[in-house]
Participant: 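Pasting a structure below so you can have a look.
Hydrogens, waters and symmetry mates play no part in the numbers below; they use all other heavy atoms, side chains included. Given the structure is predicted, the values throughout are model-derived calculations rather than measurements. Residues take their numbers from the sequence shown, with the count starting at 1.
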Amino acid sequence: GGYHVADKDDANRSRQIGRPDSVRPVAAPAAEETRTVRRLLKFLHSMGAIGLMGATAALLVLLAQLPAPTSIAEYAALRAAMASVGSFVLFPSLGLMLVAGLLSMAYVRAFHNAGWAWAKAISGIIVFQAGLIGVLGPLRQEAERSAQALVGGIDPATLASSITAE
């Protein structure tokens, strides 16, 4: 660990154990502080997971209620709601879960050599990328396209192309 300049009493103790007078090891963080940080990271990771599952459930409910694109006003409204859930709940929750998990891996030494923790980190990064590219992108694109169809910019028959992927 690190070292800092010692006082006279520390110098006497250091001589007894054969350490130079001018330095002593810096103490590890207090156990209570470590416990608090671990709990905070676990809480944030759990809140991200709860938000992710809630957003997924909300998107499934909205998708099940989605009318045919011929009912363009209702279709556009639900698509806008789905894009909002993705942008304001799903994506931030996924990001929070990933960042808190990675910070936890960095902070907790036991995770440094744990294979399962590395596998979870890698899978979290892959899920984050898939959520960004495969879910959030199509949600926003279909919301924009349905808004354009609502004002007559595009043919409503061209909508709903991403439903099979969703």
Side-chain angles (χ1 to χ4, degrees), residues 1-2 28-151 153-166:
E32 186 61 34
E33 178 185 322
T34 300
R35 202 171 312 124
T36 301
V37 171
R38 286 180 72 169
R39 285 181 180 162
L40 174 64
L41 291 172
K42 185 175 183 176
F43 173 77
L44 292 173
H45 188 70
S46 297
M47 292 307 295
I50 290 167
L52 178 64
M53 293 299 105
T56 302
L59 287 172
L60 288 172
V61 168
L62 290 171
L63 187 61
Q65 299 301 313
L66 199 61
T70 53
S71 302
I72 190 61
E74 294 86 8
Y75 183 84
L78 279 178
R79 279 301 185 167
M82 290 173 74
S84 293
V85 169
S87 296
F88 300 116
V89 182
L90 180 87
F91 189 63
S93 296
L94 191 54
L96 176 63
M97 191 174 70
L98 179 65
V99 169
L102 291 175
L103 287 174
S104 183
M105 273 191 69
Y107 190 77
V108 179
R109 290 182 186 252
F111 293 159
H112 293 181
N113 294 322
W116 66 267
W118 285 101
K120 193 172 174 183
I122 291 168
S123 67
I125 292 167
I126 291 169
V127 168
F128 183 80
Q129 180 183 8
L132 182 61
I133 295 170
V135 177
L136 189 59
L139 282 175
R140 287 180 175 171
Q141 182 180 7
E142 192 67 13
E144 289 171 12
R145 294 184 68 228
S146 63
Q148 289 174 350
L150 185 60
V151 296
I154 64 170
D155 182 12
T158 64
L159 298 174
S161 60
S162 67
I163 286 184
T164 55
E166 292 172 323

Participant: Test side chain to side chain contact (heavy atoms under 4.5 Å, CB included) on Val85 and Met82 and set out the steps.
Facilitator: CA-CA 5 Å; Val85 169; Met82 290 173 74; 5.8 Å; no

Participant: Please round to the nearest 0.5 Å and tell me the distance separating atom CG of Leu94 and atom CG of Leu132.
Facilitator: 9.0 Å

Participant: Are the aromatic rings of Phe111 and Trp116 close, with centres under 6.0 Å apart?
Facilitator: yes

Participant: Scan Arg145, Glu142, Gln141, Arg140 and name whichever one has a side-chain contact (heavy atoms from CB on, under 4.5 Å) with Arg79.
Facilitator: Glu142

Participant: Donor-acceptor check, side chain of Ser104 to backbone of Ala100, threshold 3.5 angstrom: yes or no?
Facilitator: no

Participant: I'd like to know if the side chain of Ser87 reaches the main chain of Ser84, judged simply by a donor and an acceptor atom lying under 3.5 Å from each other, with no hydrogens or angles considered.
Facilitator: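 It does not hold such a pair.
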
Participant: Using every non-hydrogen atom in the two residues, find where His112 and Trp118 come nearest and quote the distance to one decimal.
Facilitator: O-NE1, 2.7 Å

Participant: Looking at side-chain heavy atoms only, is the closest gap between Gln65 and Leu62 below 4.5 Å?
Facilitator: no

Participant: Quick one: pull up OG1 in Thr34 and CZ in Arg109 and give me the separation to the nearest 0.5 Å.
Facilitator: 10.0 Å

Participant: Could you name each residue pair satisfying ring-ring contact (aromatic ring centres under 6.0 Å, His included) that touches residues 34-57, not counting sequence neighbours?
Facilitator: none

Participant: Rounded to the nearest 0.5 Å, what separates atom CG in Leu44 from atom CZ in Arg39?
Facilitator: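 Atom-to-atom, Leu44:CG and Arg39:CZ are 14.0 Å apart.
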
Participant: Search all heavy atoms of Ala143 against all heavy atoms of Ala83 and return the closest pair with its distance.
Facilitator: CB-CB, 3.7 Å

Participant: Hey, what do you get for NZ (Lys120) to CG (Leu102), rounding to the nearest 0.5 Å?
Facilitator: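 These two atoms lie 11.0 Å from each other.
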
Participant: Mind listing the closest non-hydrogen atom pair of Ser146 and Ile72 along with its distance?
Facilitator: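 Looking at all heavy atoms of both residues, the shortest contact is O-CD1, 3.9 Å.
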
Participant: Please give me the minimum heavy-atom distance between Leu150 and Ala76, naming the atom from each residue.
Facilitator: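 Closest approach of Leu150 to Ala76: CD2-CB, 4.2 Å.
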
Participant: Specify the closest pair of heavy atoms between Leu52 and Ser93, including all atoms of both residues, with the distance to one decimal.
Facilitator: N-CB, 3.4 Å

Participant: Of all the heavy-atom pairs spanning Leu139 and Gly86, show the shortest one and how long it is.
Facilitator: CD1-CA, 4.1 Å

Participant: Rounded to the nearest 0.5 Å, what's the gap from CG on Leu41 to CZ on Arg38? Could you check?
Facilitator: 9.5 Å

Participant: So do Phe91 and Val135 actually touch side chain to side chain, heavy atoms under 4.5 Å?
Facilitator: no

